[in-house]
Amino acid sequence: QVQLVESGGGLVQPGASLRLSCAASGFTFSASGMMWYRQSPGKERELVAGISSAGYTTYADSVKGRFTIARDNARDTVYLQMNSLKFEDTAVYYCKSRWPQWGQGTQVTVAS
């Protein structure tokens, strides 16, 4: 079955960087677009970044120029490099494939 395991979150100060990882299994990773979403308390889950099976990327306006999504098909892993983090980036971050399952998420907290 589809499994997605996110990692790499933590508590950082504004301006810091983090790299999130999502290890995927149970499906043909190389054939699936992959996405990162996030959800803050009291807010709906929002799409942060996506990468197609061919490597095309898309970003939410709020993270453009600061976040980079990448994939390693040899490792069935998708990454989210987050630079210049802001308070408003605080959220639980989830990765998602073309299939309906979600991972457990990883908490990112930006605080001074």
Side-chain angles (χ1 to χ4, degrees):
Q1 70 275 25
V2 172
Q3 285 195 322
L4 301 165
V5 180
E6 300 94 339
S7 62
L11 171 62
V12 296
Q13 293 187 335
S17 297
L18 279 175
R19 188 176 82 152
L20 306 183
S21 300
C22 171
S25 61
F27 63 100
T28 305
F29 179 82
S30 61
S32 176
M34 295 296 298
M35 292 144 285
W36 283 98
Y37 286 79
R38 67 186 181 188
Q39 188 166 22
S40 305
K43 293 188 177 181
E44 291 189 358
R45 197 169 292 188
E46 63 171 346
L47 178 64
V48 174
I51 184 166
S52 72
S53 57
Y56 295 105
T57 59
T58 185
Y59 298 94
D61 287 343
S62 58
V63 307
K64 247 176 225 179
R66 299 188 298 121
F67 289 12
T68 303
I69 187 171
R71 63 189 300 155
D72 184 341
N73 290 340
R75 289 182 167 82
D76 289 356
T77 300
V78 62
Y79 303 98
L80 186 68
Q81 177 67 43
M82 306 187 295
N83 299 330
S84 302
L85 282 162
K86 304 177 180 180
F87 294 120
E88 52 263 41
D89 295 319
T90 295
V92 179
Y93 284 72
Y94 302 88
C95 71
K96 179 82 168 53
S97 70
R98 60 182 292 186
W99 305 106
Q101 291 84 353
W102 294 88
Q104 83 289 347
T106 186
Q107 176 71 49
V108 172
T109 303
V110 184
S112 55

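Side-chain contact between Arg38 and Ser62: present, with at least one pair of heavy atoms (C-beta onward) separated by less than 4.5 Å. Annotation: side chain of Gln104 is in contact with side chain of Glu6 (closest heavy-atom distance under 4.5 Å). At least one side-chain heavy atom of Val78 sits under 4.5 Å from a side-chain heavy atom of Phe29.
For the pairing with Arg75, the side chain to side chain donor-acceptor pair (under 3.5 Å) check across Asn73, Asp72, Thr77 returns one residue only, Asp72.
The residues Lys86 and Asp89 are annotated as not salt-bridged, no charged nitrogen and carboxylate oxygen being separated by less than 4.0 angstrom.
Shown here are the side-chain contact (heavy atoms from CB on, under 4.5 Å) partners of Thr68, two or more places apart in sequence or in another chain: Tyr59, Gln81.
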Determine, stepwise, if the pair Leu18 / Phe67 fulfils side-chain contact (heavy atoms from CB on, under 4.5 Å). CA-CA 10 Å; Leu18 279 175; Phe67 289 12; over 6 Å; no
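For the pair Arg45 and Tyr94, the distance from NZ or CZ to the six-membered ring centre is under 6.0 Å and the angle to the ring normal is within 45 degrees.
In the hydrophobic cluster analysis, where Ile, Leu, Val, Met, Phe, Trp and Tyr join through side-chain heavy atoms closer than 4.5 angstrom, Leu20 is grouped together with Ile69. When hydrophobic clusters are built by joining Ile, Leu, Val, Met, Phe, Trp and Tyr residues whose side-chain heavy atoms come closer than 4.5 Å, directly or via intermediates, Val12 is grouped together with Tyr93. Residues Met35 and Val108 do not share a hydrophobic cluster, defined by chaining ILVMFWY side chains whose heavy atoms lie under 4.5 Å apart. One hydrophobic cluster, built from ILVMFWY side chains closer than 4.5 Å, cannot hold both Trp99 and Leu47; they sit in different ones. The hydrophobic clustering, which links ILVMFWY residues whose side-chain heavy atoms are closer than 4.5 Å, places Met34 and Tyr79 apart.
At least one donor-acceptor pair under 3.5 Å links the side chain of Ser40 to the backbone N or O of Thr90. Side-chain atoms of Arg98 do not come within 3.5 Å of backbone N or O of Ser32 as any donor-acceptor pair.
Listed here is the closest heavy atom pair of Val2 and Ser97: CG1-OG, 4.3 Å.
Atom CE of residue Met82 and atom CZ of residue Arg19 lie 11.5 Å apart, to the nearest 0.5 angstrom. From Leu80, atom CG reaches atom OG of Ser21 across 9.5 Å, with rounding to the nearest 0.5 Å.
Residues in residues 33-52 take part in these ring pair (Phe, Tyr, Trp, His ring centres under 6.0 Å) pairs, two or more places apart or across chains: Tyr37-Trp102.
Within a 6.0 Å radius of CD in Glu88, other residues, nucleotides and ligands contribute more than 12 heavy atoms.
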